[in-house]
Amino acid sequence: MKKIFALVIASLMSLGASAQLISSNTMTYHKEKGKNYNRLGVSYSSISPDVDGADAVSGLSLSWTKGISVSGSLPLFVETGIGATYGFDDPSPLILSVPVNVTYKIPVTSKINIAPLLGVTLNGNLASDDDNMKYFAMGWQVGANFEFGKFYVGLSYGGGFMDFANSEDDYDDYGYKYKLNAFSATVGIVF
């Protein structure tokens, strides 16, 4: 029940943020090459610690991304946004992520783009069944988005620069620390 409550609170917080964006008139849609864009997506994520024998955690992510053009002549963008991932299996984490990516949109046709990306993520642990999970970690990600008009499909993989969990157990001399690795498959809309 606590997990569901935390997920509802995170969802409501993100709705408030999107309402502020709409009311401040920052959400724009430009069909011209080299202009800013927004994306909303839902992802299936497989989150695994970098420890031998550890099981992966399946999760669901919701995200908003803003692409900001950095060149008038090249389709080069800096992307940032916010996302929330909930892991269905133990330790049932609720992770808030803020990515900062560089992406280059390669036009295939007038309506189809391939957009490889590379960047860093700031991850915050909002809730977890594991008391040893840290509240903040920084990581990296690499991937590609395939845009089909107003729709897109994305694949990405990322890892951690910092440990996301750390335990020093003096009772049985068993301790652990690990970084999170995540593979995500995303579908969404571009506007």
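All heavy atoms count here, side chains included; hydrogens, waters and symmetry mates do not.
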Please report, to 0.1 Å, the donor-acceptor pairs under 3.5 Å made by any side chain of residues 137-149, with sequence neighbours excluded.
residue : atom : partner : partner atom : Å
Q141    : NE2  : N101    : OD1          : 2.9
E147    : OE1  : K105    : NZ           : 3.1
E147    : OE1  : N113    : ND2          : 3.3
E147    : OE2  : K105    : NZ           : 3.0

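Note that the CG atom of N123 and the NZ atom of K134 stand 13.0 Å from one another [nearest 0.5 Å]. Summarising the geometry, atom CG belonging to L76 is positioned 7.5 Å from atom OG belonging to S69; distances are rounded to the nearest 0.5 Å. In this structure, T65 OG1 and F77 CZ are separated by 13.0 Å, a value rounded to the nearest 0.5 Å. Taking CG of L62 as the start and CD1 of I82 as the end, the distance is 11.5 Å to the nearest 0.5 Å. Taken from OG in S63 to CG in L40, the straight-line distance is 7.5 Å, to the nearest 0.5 Å. Here the CG-CZ distance, from L60 to F88, works out to 4.5 Å after rounding to the nearest 0.5 Å.
You'll find the side chain of N36 reaches within 4.5 Å of the side chain of K66, heavy atoms only. In this structure, the side chains of V102 and Y104 stay at 4.5 Å or more apart for every pair of heavy atoms. Residues S92 and Y86 have side chains in contact (heavy-atom distance under 4.5 Å, counting atoms from C-beta outward).
Pairing each heavy atom of T186 with each of S43, the nearest pair is OG1-OG, 2.6 Å. Of all heavy-atom pairs spanning V57 and P93, the tightest one is CG1-CD, 4.4 Å. When all heavy atoms of S71 and L74 are compared, the closest pair comes out as OG-N, 3.0 Å. Taking each heavy atom of S58 and D89 in turn, the nearest pair found is N-OD2, 3.3 Å. Between V98 and G81, the shortest heavy-atom contact is CG1-O, 3.5 Å.
A donor-acceptor pair shorter than 3.5 Å cannot be found between the side chains of T85 and S45.
A single hydrophobic cluster is not seen to contain both V42 and Y44; linkage of ILVMFWY side chains at heavy-atom distances under 4.5 Å, directly or through other members, places them apart. Residue F161 is not grouped with residue Y135 when hydrophobic side chains (ILVMFWY) are merged at heavy-atom distances under 4.5 angstrom, including chains of intermediate members. No path of Ile, Leu, Val, Met, Phe, Trp and Tyr side chains, each step under 4.5 Å between heavy atoms, connects V120 with I68, placing them in separate hydrophobic clusters. There is no path of hydrophobic side-chain contacts, each under 4.5 Å, that joins W64 to L117.
Within 6.0 Å of CZ in F151 there are 12 or fewer heavy atoms belonging to other residues, nucleotides or ligands.
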